[in-house]
Amino acid sequence: MSESKAKQEKQQLKRRQFLAIAWGASLAGLGGGLLASLFKFIQPVTAGGFGGIVRAGRVDEFPPGSVSHIKAGRFYLHRLEDGSFLALWQRCTHLGCSVPWVEGENQFHCPCHGSLFDLKGEVQGGPAPRPLDVFPVTITNGEVFVDTGRSMQRSRFEPDQTTQV
Ligand code: FES
């Protein structure tokens, strides 16, 4: 075999190796992308933040009568005495300030202009024009999920705004 023929075959071999490596890398990238998409598809129910479905916790973590601030979802989860759940958006219905729950007052007290809301989010005083907005709650396998992408305005509290266990 001539020296130039051997050199040519060596170059062809290198080209084939390069193509094989490039092909393998493309497949690995495609597989990784598919796995990432699948992971994203199965994750939103368990790891969402505000604007999506937020896992608040296990049902038994919320005793009847309690108010829990779920910071990641920007809402308060109130478990009523009858065991049902109500998710209240922390945003004041006056001008949008974040409204803290004040344990000592047993109410939500907006620091901006003094609006007051009771445990069910109904206005007790101040300039707020309507109760705190609510988010839909679902219970799945003993876990509480809140859809923070679907806020609902209301003029007063109604029992059908709550979710039974
Ligand atoms: S923003 Fe809450 S009372 Fe004005």
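Values below: all heavy atoms of this structure, side chains included; hydrogens, waters and symmetry mates excluded.
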Indicate the atoms forming the closest heavy-atom contact of [X] with [Y], along with that distance.
{"X": "Ser115", "Y": "Ala128", "answer": "OG-N, 2.9 Å"}
{"X": "Thr148", "Y": "Gly51", "answer": "OG1-N, 2.7 Å"}
{"X": "His78", "Y": "Ser66", "answer": "ND1-O, 3.0 Å"}
{"X": "His113", "Y": "Leu95", "answer": "CE1-CD1, 3.6 Å"}
{"X": "Pro159", "Y": "Thr162", "answer": "O-OG1, 2.7 Å"}
{"X": "Cys92", "Y": "Val99", "answer": "CB-CG2, 3.4 Å"}

Enclosure of Asp160 CG (heavy-atom neighbours >12, cutoff 6.0 Å): yes
Whether over 12 other heavy atoms sit under 6.0 Å from Arg58 CZ: yes
Do [X] and [Y] come close enough that some side-chain heavy atom pair is under 4.5 Å?
{"X": "Ile139", "Y": "Thr163", "value": "yes"}
{"X": "Pro127", "Y": "His94", "value": "yes"}
{"X": "Ile70", "Y": "Tyr76", "value": "no"}
{"X": "Val67", "Y": "Arg79", "value": "no"}
{"X": "Leu86", "Y": "Val134", "value": "yes"}
{"X": "Thr140", "Y": "Phe145", "value": "yes"}
{"X": "Val144", "Y": "Val137", "value": "yes"}

Trp101/Phe108 aromatic ring centres below 6.0 Å: yes
Atom [atom1] in [X], atom [atom2] in [Y]: separation rounded to 0.5 Å?
{"X": "Thr93", "Y": "Leu132", "atom1": "OG1", "atom2": "CG", "result": "6.0 Å"}
{"X": "Leu88", "Y": "Leu77", "atom1": "CG", "atom2": "CG", "result": "8.5 Å"}
{"X": "Asp133", "Y": "Arg150", "atom1": "CG", "atom2": "CZ", "result": "13.5 Å"}

Salt-bridge contact Arg156-Glu122 (side-chain N to carboxylate O under 4.0 Å): no
Thiol sulfurs of Cys97 and Cys112 closer than 2.5 Å: yes
Verdict with supporting geometry, Phe85 and Val165, side-chain contact (heavy atoms from CB on, under 4.5 Å): CA-CA 8 Å; Phe85 285 94; Val165 177; 3.7 Å; yes
Grouping I, L, V, M, F, W and Y whenever their side-chain heavy atoms are under 4.5 Å apart, do [X] and [Y] come out in a common cluster?
{"X": "Val146", "Y": "Val59", "result": "yes"}
{"X": "Leu119", "Y": "Leu116", "result": "no"}
{"X": "Val123", "Y": "Met152", "result": "yes"}

Residues that Gln124 engages under side chain to side chain donor-acceptor pair (under 3.5 Å), provided they are two or more places apart: Asp118
Parallel, tilted or perpendicular, as decided by the 30° and 60° cut-offs, for the rings of Phe75 and Phe135: perpendicular
Residues which pass salt bridge (Lys or Arg N to Asp or Glu O under 4.0 Å) with Arg154, listed by chain and number, not counting sequence neighbours: none
Ring-face cation of Arg74 near Phe50 (centre distance under 6.0 Å, axis angle within 45°): yes
